[in-house]
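Worksheet: the structure to be examined is printed underneath.
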Amino acid sequence: MIWIDTQEVSDLAMQRVATQGIVAVDIEADSLYSYFDKVCLIQISIPGEDLIIDPLRKIDLSVFGELLANGGITKVLHGADYDLRVLNRDFGFTVSNLIDTSVAAQLLGYEAFGLTALLERHFGVKLDKSHQRADWARRPLPSAMLEYAANDTRHLIPLASLLRDQLMTQDRWEWAVEEFRRLEMIRFSEKETGDESFRRLKGIGVLDRRALAIARDLYNWRDEMARAADRPPFKIFGNEMILEVARAKPVAAEALAKIKAVSPAYQERYAREVLRIVRKALDATEESLPTKNDSRPWMRDNALEARVARLKNVRDAVAKELKIDPAILAPRHVLAAVAATRDLDQVPAMREWQKRVVGDKLLNALGPAS
């Protein structure tokens, strides 16, 4: 394993990487420790070498970016979606000629497709995941953390070769190639911002409109504090506190103290502002409250729902034959689009391989339009 924290060593390493036909790549970021997360390590494995670059040393990584974009070199990643977005955000990099071993495993019908499970299954390698939630921005990094980081790429090239052989045997390699090409189009985009961000909270659908107003204002207040402190929002206080306070609507410190998710430390630190937010929501006019996004029975298209149900039965039967997750074959939003349009070419989210495998069966299940 080679630690790279100078421009000279980086340049020499990139010269060696450039001679390879296939390389393994991974990153480590500090999203669990910072609001404005950043790439803290870049791992690259080639035969005989595990390279770990320290991008916090402001090394010029443009040659590495050129290698990622070079279609003549295959890049192997595992669960590439986040890595691709962050590499694009922090450095403007894009990746071509990609293999994602997680996607490959899912197309083969593996129920356990995490890297740890795949390496143990195929190579008997047991990864130490004790540093999974580590702070990768700390320096110096202990040797155990560096070894953990190197293991994330060390076995990817032989794993990719093995999975490719299995996909080829089952005539599914072209499925994988299409999925990889779609991944290569991923670019970073800003998360949803503004008053509607709070709707990402799990379990928010059961809240009434005043409770929604409390949840919205608590969520946005927490986000402001997290930005100012450059800490992840969950380290200010958790989503559970937002939801429980919104449900209880406490207007006095005694009521707030009875809420399980509001610890004594949170009460001491945040009680005044939390109670102010609750009272403000309770005093707000009805017109200013957030709307509920509940699906009303009288607004549902029962005929469309019935068609989606028929398509789901067909999809599930085909997926069972193929021994893959039905959501990989055709997720529900694809089924809904097919049911609505009755035209596979009008469903951009549907892959060509999905059309070939299950498309005609879905259209046949719909029958003629009435």
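Annotation: side chain of Phe198 is not in contact with side chain of Asp223 (no heavy-atom distance under 4.5 Å). Residues Glu179 and Leu183 have side chains not in contact (no heavy-atom distance under 4.5 Å, counting atoms from C-beta outward). Between Phe91 and Phe64, the closest side-chain pair of non-hydrogen atoms is not below 4.5 Å. When side chains are defined from C-beta on, Phe93 does not count as touching Leu84, because their heavy atoms never get closer than 4.5 Å. Put simply, the side chain of Met1 reaches to within 4.5 Å of the side chain of Leu146, judged on heavy atoms. Counting heavy atoms from C-beta outward, Thr94 and Arg187 have side chains that approach closer than 4.5 Å. Proximity of Val76 to Val25: side-chain heavy atoms (C-beta onward) are nowhere separated by under 4.5 Å. With a 4.5 Å cut-off on side-chain heavy atoms, Leu118 and His78 count as touching.
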- Which is it for Glu49 and Ile46 under the side-chain contact (heavy atoms from CB on, under 4.5 Å) test, yes or no, and what are the steps along the way? CA-CA 5 Å; Glu49 287 188 67; Ile46 58 178; 3.8 Å; yes

- Item | Test log, rule side-chain contact (heavy atoms from CB on, under 4.5 Å), inputs Asp5 and Val9 | CA-CA 7 Å; Asp5 61 358; Val9 177; 6.0 Å; no

- Message: Could you walk me through whether Ser62 and Asp60 satisfy the side chain to side chain donor-acceptor pair (under 3.5 Å) test, starting with their C-alpha distance in whole Å, then the side-chain angles of each, then the deciding distance to 0.1 Å, before giving a yes or no?
- Response: CA-CA 6 Å; Ser62 57; Asp60 181 356; 2.9 Å; yes

- Please assess Asp81 against Arg182 for the test salt bridge (charged side-chain N to carboxylate O under 4.0 Å, His left out), listing each intermediate value before the final yes or no. CA-CA 10 Å; Asp81 188 289; Arg182 286 201 173 222; over 6 Å; no

- Do Ile52 and Ile42 pass the side-chain contact (heavy atoms from CB on, under 4.5 Å) test, and can you show the C-alpha distance, the side-chain angles, and the key distance before you say yes or no? CA-CA 6 Å; Ile52 301 183; Ile42 298 172; over 6 Å; no

- Might you work through the side-chain contact (heavy atoms from CB on, under 4.5 Å) test for Ile328 and Gln354, ending with a clear yes or no? CA-CA 9 Å; Ile328 299 295; Gln354 293 169 337; 5.8 Å; no

- Task: Could you walk me through whether Asn97 and Thr74 pass side chain to side chain donor-acceptor pair (under 3.5 Å), step by step?
- Result: CA-CA 5 Å; Asn97 197 358; Thr74 302; 3.2 Å; yes

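For the atom pair Ile242 CD1 and Arg247 CZ, the distance stands at 11.5 Å (nearest 0.5 Å). Annotation: the span from Met14 atom CE to Ile59 atom CD1 amounts to 9.0 Å, rounded to 0.5 Å. In this structure, Leu156 CG and Ile22 CD1 are separated by 9.5 Å, a value rounded to the nearest 0.5 Å. Considering SG of Cys40 and CG of Asp54, their distance stands at 8.5 Å, rounded to 0.5 Å. Atom CD of Gln170 and atom NZ of Lys323 lie 9.0 Å apart (nearest 0.5 Å). One distance of note links CD of Gln7 with CZ of Arg57; it measures 11.5 Å at 0.5 Å rounding.
There is no side-chain donor-acceptor pair under 3.5 Å between Arg200 and Asn239. Ser102 and Gln106 are linked by a side-chain donor-acceptor pair at a separation below 3.5 angstrom, with hydrogens and angles left out of the test. Side-chain N/O atoms of Tyr148 and Glu28 include no donor and acceptor closer than 3.5 Å. Residues Asp171 and Trp173 bring no donor and acceptor atom of their side chains to less than 3.5 Å of each other. Side-chain N/O atoms of Ser130 and Asp128 include a donor and acceptor closer than 3.5 Å. In this structure, a donor-acceptor pair under 3.5 Å is present between the side chains of Arg154 and Asn151. No side-chain donor from either of Glu66 and Asn70 sits under 3.5 Å from a side-chain acceptor of the other.
Between Lys320 and Asp325, none of the side-chain N atoms (NZ, or NE/NH1/NH2) sits under 4.0 Å from a carboxylate O, so this pair counts as no salt bridge. With respect to the salt-bridge test (charged N to carboxylate O, under 4.0 angstrom), the residues Asp230 and Lys38 do not qualify. The pair Lys355-Glu352 meets the salt-bridge criterion, with a side-chain N (NZ, NE, NH1 or NH2) lying under 4.0 Å from an Asp/Glu carboxylate O. The pair Lys260-Glu244 does not count as a salt bridge, with every side-chain nitrogen at least 4.0 angstrom from each carboxylate oxygen. A salt bridge does not link Arg138 to Asp30: none of the charged side-chain nitrogens sits closer than 4.0 Å to a carboxylate oxygen. Salt-bridge annotation for Glu286 and Arg209: present, with a side-chain N of the basic residue lying under 4.0 Å from a carboxylate O of the acidic one.
Of all heavy-atom pairs between Ile44 and Ile53, the closest is CD1-CD1, 3.9 Å. Closest non-hydrogen pair, Leu167 versus Ala104, comes out as CD1-CB, 3.8 Å. Across every non-hydrogen atom of Ala29 and Asp37, the tightest pair is CB-OD2, 4.5 Å. When every heavy atom of Asp50 is checked against every heavy atom of Ala150, the shortest pair comes out as CB-CB, 4.1 Å. The two residues Ala160 and Ile99 make their nearest non-hydrogen contact at CB-CG2, 4.1 Å. The two atoms that bring Lys292 and Gly205 nearest to each other are NZ-O, 3.0 Å, heavy atoms only.
Of the possible polar contacts, none joining the Lys249 side chain to the Arg279 backbone as a donor-acceptor pair under 3.5 Å is found. When atom types are taken as modelled, the side chain of Arg139 and the backbone of Trp136 share a donor-acceptor pair closer than 3.5 angstrom.
Listed by first then second residue, pairs satisfying ring pair (Phe, Tyr, Trp, His ring centres under 6.0 Å) with a partner in residues 17-43 number zero, not counting sequence neighbours. Applying the ring pair (Phe, Tyr, Trp, His ring centres under 6.0 Å) rule to pairs touching residues 338-358 yields Trp175-Trp353, sequence neighbours excluded.
Scanning for ring-ring contact (aromatic ring centres under 6.0 Å, His included) contacts around Tyr266 gives Tyr270, with sequence neighbours left out. For Arg272, the side-chain hydrogen bond (donor to acceptor under 3.5 Å, both in side chains) test picks out no residue, with sequence neighbours left out. Remark: His333 engages no residue in a ring-ring contact (aromatic ring centres under 6.0 Å, His included) (not counting sequence neighbours). With sequence neighbours left out, Arg181 forms a side-chain hydrogen bond (donor to acceptor under 3.5 Å, both in side chains) with Glu184.
Aromatic pair Tyr110/His122: centroids less than 6.0 angstrom apart.
Taking hydrophobic clusters as Ile, Leu, Val, Met, Phe, Trp and Tyr residues chained together by side-chain heavy-atom distances below 4.5 Å, Leu366 shares a cluster with Val347.
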